[in-house]
Protein chains: 2
Amino acid sequence: MTFTRTTEYALRALGYMASREGEMLSADQLHAKLKIPKKYLQRLLTDLKRSGLLKSVRGRNGGFILSRRTGDITLAEIVHAVEGTRTRPECFFGFAKCALDVPCAMHDVWIRSQSTVQEALQTTRLADIAGTTFR
Amino acid sequence: MTFTRTTEYALRALGYMASREGEMLSADQLHAKLKIPKKYLQRLLTDLKRSGLLKSVRGRNGGFILSRRTGDITLAEIVHAVEGTRTRPECFFGFAKCALDVPCAMHDVWIRSQSTVQEALQTTRLADIAGTTFR
DNA sequence: GTAATATGCTACCCCAATATAGTATATATT
DNA sequence: AATATATACTATATTGGGGTAGCATATTAC
Ligand code: SF4
Ligand code: SF4
């Protein structure tokens, strides 16, 4: 289970924004802080706005701000917002569907490892990574 | 931690070959069985041969055969043979390097999940997936 | 009203993974 | 020798993620 670079960008950006809850931050500020390619970040932020996670204000002194409280947004939600329909691998070998009576030697570790991360994503909120992650 | 499609192909192909240890199998047979794009599989098999995991025989009745015993080849070896230098993500957020005093909320789950799979790859051998996986 | 600073939008470019096509070469069968 | 069936090799398309460029639009400061 790996995430696209774009998803990482989103998590980083929102993670940082969480550490400055209530402040309006411009794409440029975030770019300077997080070293994410400016234009690409700009578009990503617009997307996150469109998906409802951010609110934006145009014009001078404008920028982006979280639309909900940091304790209210799970990482899973963010991943989903960014990756949309992107499918996660189910079978370790990439089989579309597996008709095995007995799971193969990799099945358990794989599934367990995946669901562990998945569960962490669902229980971890922006507030949880705001303080420790970015300064 | 996810693998490229090519890696999956390699694991499937070798996994199947393991279930027919000692038999010489052509790219065409493997293609028919595993539905991997013919020409792409062909090249992959040649690569696996070049990397030493397979031996090949040209001409009529030719094909590929594992160059070592199925109990002797770890999945980790295969992954490495195919992916070569490809880097695995270390930080969940994709930070090149993290200068945190205290690991963030995702760190542990992430690392643990990764190393679990990694360890399984190192301890699981072709023989272990030969019987159960493909029929 | 004009300049400065934002976001919003559209149209590209780049690259690596994936996939396909065609030809050359080797070998067993006949 | 001819044919069929393999691998080996090379060149080329396709695709999606990532990244860039430029202009349109909104808003504040002066
Ligand atoms: S049992 Fe093995 S082959 Fe079947 S879905 Fe699980 S990982 Fe894939
Ligand atoms: S502590 Fe968090 S930010 Fe730092 S390396 Fe680990 S996952 Fe990445």
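- Between D:dA8, D:dC23, C:dT29, one nucleotide has an atom nearer to the side chain of B:Asn61 than all others, and that is C:dT29.
- Classified by interplanar angle (parallel below 30°, tilted 30° to 60°, perpendicular above 60°), the ring pair B:Phe3/A:Trp110 is tilted.
- Between B:Tyr9 and C:dT18 there is no side-chain polar atom (N or O) within less than 4.0 angstrom of OP1 or OP2.
- Without hydrogens or angle criteria, B:Thr74 side chain to B:Glu77 main chain gives a donor-acceptor distance under 3.5 Å.
- Atom-to-atom, CZ of A:Arg60 to P of C:dT5 comes out at 6 Å; the value is rounded to the nearest Å.
- Closest-nucleotide positions on DNA chain D for A:Thr7 and B:Gln42 were compared, and the one nearer the 5' end corresponds to B:Gln42.
- With hydrogens and angles left out, the side chain of B:Arg5 and the base of C:dT18 share no donor-acceptor pair within 3.5 Å.
- B:Lys38 comes within contact range of no nucleotide atom at all, as no heavy-atom separation falls under 4.0 Å.
- Applying the 3.5 Å distance criterion, the base of D:dT25 shares a donor-acceptor pair with the side chain of A:Arg58.
- Contact of A:Arg43 with D:dG19 (side chain to base): a donor-acceptor pair of N or O atoms is detected under 3.5 Å.
- Considering only side-chain N and O atoms, A:Thr46 lies nowhere under 4.0 angstrom from the phosphate OP1 or OP2 of C:dC9.
- Only at 4.0 angstrom or more do the heavy atoms of residues 21-28 of chain B sit from any atom of DNA chain C, so none qualifies.
- Distances shown here put every side-chain N or O of B:Ser56 at or beyond 4.0 Å from the OP1 or OP2 atom of D:dA6.
- Looking only at side-chain heavy atoms (C-beta outward), B:Lys33 and B:Gln29 stay at 4.5 Å or farther from each other.
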